[in-house]
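Quick caveat: nothing in here was measured; it's all calculated off a predicted structure. Proteins come first, then strands; the chains are lettered A, B, ... in the order of their sequence lines, and each starts at number 1.
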Amino acid sequence: MEELTDLRKIRLEKLSQIREMGVNPFPFVFDRTDFAADVIKNFDPDEKKQAKLAGRLMAVRKHGKAAFCHIMDASGKIQIYIRKDQVGDEQFELFKLLDIGDIIGIEGEVFKTRTEEISVFVSDLQLLSKNLRPLPIVKEKIEEGEKMVYDEFADKELRYRQRYVDLIVNPEVRDVFLKRTKIINSMRRYLEDQNYLEVETPILQPLYGGANARPFKTHHNALDIDLYLRIADELYLKRLIVGGFDGVFEFGKDFRNEGIDRFHNPEFTMMEVYVAYKDYYFMMELVENMVSQAVQRVSKNLKLTYQGNEIDFAPPWQRKKMSDILKEYTGEEIIGKSKSELLAIAKKLNVPIGDGADVGKIIDEIFSEKVEPNLIQPTFILDYPVELSPLAKKHRSDQGFVERFEGFIAGKEICNAFSELNDPIDQKARFEQQVEFGRGGDDEAHMMDEDYIRALEYGMPPTAGMGIGIDRIVMILTDSPSIRDVIFFPHMRPEKGGEDSL
RNA sequence: GAGGGUGUAGCUCAGUUUGGUAGAGCAACGGCCUUUUAAGCCGUGGGUCCAGGGUUCGAUCCCCUGCACCCUCACCA
């Protein structure tokens, strides 16, 4: 048996005392009729109203035979006033056994205290769930209009591991996640309004593809085959375009077996959309419209601040060719240069280039180093080297490039899109090149996907496709510095020591 | 993967600068208090000082190793 802390022992003792009183500390239902925020909003000093609320006890100020408390429900907090002569001896005895963290139901008349706080004068009190583990007590005070927080529950490790506590105690965390859902719903609504079809494609895949990344590997026992967790939805969604859907999209988790930092979680949410008979210009408009609509769901206007930078989402966003913006930030002409010339330029610019980097990779490194951090306002960067983009269609006029764009906000990539490559012969050649890269040691190179080639051979219409990182968009729209702040349960190493240590 | 930082009571943190097993506020417990709000006043209890090893008469403190988290960098979305 684990060692109980005194605090838990006391609570367990109270639990049995409550049972001895004939009160079930874990009853089944409570028919609440009101929420805290509505009671406060609808208060009318000329009208006596009853309210019936349920919520968690968050603060208690006892005064002998009376007490002021705050309870919190999904809408917010409200003060309640409990008095022995109002609830009776028995319920007041029960009240004295309650702790902060207990979930209770109350009924009573709404009134305003001497200090002008709208409160409920409790006439009936019920315990709905007994708390056995002390909650961090966070105290607040309004001082000269500034909200002061005392004893904030701030340990990031504890907050991420015990997100349930974080959500109870830190209201701004709850707001971030409410916004996350609003953002996703807004994007889904936008796509549905275009009559695109929301679909689901396999997460367990025999071949992974659609991005450059290292996968997670797993095993199916009955079939005795290895499978990969998807790194992108792309190749399956385009098969559906082949199958005759004109617009498909999927919100889903992708998995990449790579490092973890404040921009990367091993599993993350991606939305990909494919639209037939369109090109990447169309997709730029889709992105800026869809995202700016989402911004409006969480902000009063199309501007908001991310980590001190004001960002204006009003369409149209800036569009710049990669070669032009490279020239703008480096003063160098990049287009049409040989590998050795590019290496010399990189050296001059003080950009370190890894061994074995080809032309595309060198350009990408220079771009990441010199340009990307400067792209604070929403910007589309157009036309990438063909080597970096094995699934994108070759550019209609610029040789060596593909019709691809990435959207950048606050110095970070948030989406990636192309005019999709639908020429099966070219696609096969690109896969073969990737396989070569793989042999050359690039463990993120694509695999050959024969079935995907077969699908293209049946004919895929001209198609525009786009993937957008939902977590990153949510970070920007909620001014969150870390991806862990927008994922309920970010990946952590398991706690060691087993149950007894918890 | 590399470098830096942090780890002390349920929570937020002092402290051991010069090694002698530790303190505050909040929370808890007991008492007083029927309009308070970081409620107040009086009193009480509570800690394998992250883990393991070393040095030492003695380590929470010094040394070594490890673990977790945070930050920066590398890879990536």
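- If you take atom P in B/C70 and the same atom in B/U12, they sit 15 Å apart, rounded to whole Å.
- A/Asp166 and A/Asn170 share a donor-acceptor pair across their side chains, judged by distance under 3.5 Å alone.
- Heavy-atom nearest nucleotides on RNA chain B were determined for A/Ser482 and for A/Asp364, and the one closer to the 5' end corresponds to A/Ser482.
- B/U36 atom C1' lies 15 Å from atom CD1 of A/Ile78, rounded to whole Å.
- The side chain of A/Phe68 approaches B/U35 more closely than any other nucleotide in the set B/C69, B/C71, B/U35.
- Seen from the ring of A/Phe268, A/Lys253 does not count as a face-on cation partner, given the 6.0 Å and 45° thresholds.
- Rounded to the nearest Å, the gap between the P atom of B/A27 and that of B/C64 is 41 Å.
- Judged by the 6.0 Å and 45° rule, A/Arg319 forms no cation-pi pair with A/Phe380.
- Within the 4.0 angstrom heavy-atom criterion, no nucleotide atom of any strand lies near A/Asn131.
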*Using a 4.0 Å cut-off on protein heavy atoms (strictly under), produce a 5'-to-3' string for nucleotides 38-46 of chain B with B for base contact, S for backbone-only sugar-phosphate contact, and - for none.*
BB------S
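- Nucleic acid contact for A/Arg161: sugar-phosphate only, since backbone atoms but no base atoms lie under 4.0 Å from a heavy atom of the residue.
- Phosphate contact (OP1/OP2 of B/G10, side-chain N/O of A/Arg133, threshold under 4.0 Å): absent.
- Judged by a 6.0 Å distance limit and a 45° cone about the ring axis, A/Arg83 is not positioned over the six-membered ring of A/Phe121.
- Side-chain contact, A/Asn265 with A/Arg484: no donor N or O sits under 3.5 Å from an acceptor N or O.
- Searching all strands for a Watson-Crick or G-U wobble partner of B/A2 with both distances below 3.5 Å returns B/U72.
- Within the 4.0 angstrom heavy-atom criterion, no nucleotide atom of any strand lies near A/Ala67.
- In the set B/A28, B/A68, B/C75, the nucleotide with an atom closest to the side chain of A/Glu157 is B/A68.
- Test A/Lys14, A/Lys130, A/Arg56 against A/Asp102 for salt bridge (Lys or Arg N to Asp or Glu O under 4.0 Å) and you get one pass: A/Lys130.
- For B/U34, the base has no donor-acceptor partner in the side chain of A/Gln86 [N/O atoms by modelled type, under 3.5 angstrom].
- Between the P atom of B/A68 and the NE2 atom of A/His491 lies a distance of 11 Å, rounded to the nearest Å.
- Nucleotide B/G43 forms a pair with B/C29, judged by Watson-Crick or G-U wobble geometry with both contacts under 3.5 Å.
- One atom, CZ of A/Arg262, and another, P of B/G5, lie 20 Å apart when rounded to the nearest Å.
- B/G20 and B/G15 are spaced 15 Å apart, taking the C1' atom of each and rounding to whole Å.
- For A/Gln162 and A/Arg133, the side-chain atoms include no donor-acceptor pair closer than 3.5 Å.
- Among the atoms of the strands shown, none is found under 4.0 Å from any heavy atom of A/Ile414.
- Distance CD1 (A/Ile483) to C1' (B/C70): 16 Å, rounded to an integer number of Å.
- Within 4.0 Å (heavy atoms only), A/Arg484 reaches sugar-phosphate atoms of the nucleic acid but no base atom.
- Heavy atoms of A/Phe153 sit under 4.0 angstrom from primed sugar atoms or phosphate atoms, though from no base atom.
- As judged by a 4.0 angstrom heavy-atom cut-off over every strand, A/Lys14 is placed among residues touching the sugar-phosphate backbone only.
- Minimum atom distance to the side chain of A/Lys156 is reached by B/C71, of the listed B/U12, B/U34, B/C71.
- Using cut-offs of 30° and 60° for the angle between ring planes, the A/Phe92 and A/Phe95 rings count as tilted.
- Side-chain proximity of A/Gln79 to B/C26, B/U35, B/U36: nearest is B/U36.
- Comparing B/C67 with B/C11, their C1' atoms are spaced 23 Å from each other, to the whole Å.
- Within the nucleic acid shown, A/Met270 has no heavy atom closer than 4.0 Å to any nucleic acid atom.
- The nearest whole Å value for the distance from the CZ atom in A/Phe263 to the C1' atom in B/U72 is 12 Å.
- In this entry the distance linking CG of A/Asp261 with C1' of B/G1 reads 13 Å, nearest Å.
- Contacts of A/Tyr160 with the nucleic acid, taken as non-hydrogen atoms under 4.0 Å apart, involve only primed sugar atoms and P, OP1 or OP2.
- The C1' atoms of B/A14 and B/G23 are separated by 7 Å, rounded to the nearest whole Å.
- Remark: the separation of the P atoms in B/U8 and B/A51 is 10 Å, to the nearest Å.
- In this structure, B/A59 makes no Watson-Crick or G-U wobble pair, since no nucleotide meets both defining distances under 3.5 angstrom.
- Distance A/Ile100 CD1 to B/C11 P: 15 Å, rounded to the nearest Å.
- No contact: A/Asp471 has no heavy atom under 4.0 Å from any strand.
- Between A/Glu152 atom CD and B/C11 atom P the separation is 14 Å, expressed in whole Å.
- Residues A/Phe367 and A/Phe408 place their aromatic rings such that the two centres sit under 6.0 Å apart.
- A parallel orientation is assigned to the rings of A/Phe177 and A/Phe488, their planes being inclined by less than 30° (bins at 30° and 60°).
- In this structure, A/Asn416 reaches neither bases nor backbone, as no heavy-atom distance under 4.0 Å exists between it and the strands shown.
- Going from the P atom of B/A22 to that of B/U60 covers 10 Å, rounded to whole Å.
- If you take atom C1' in B/C41 and the same atom in B/G46, they sit 22 Å apart, rounded to whole Å.
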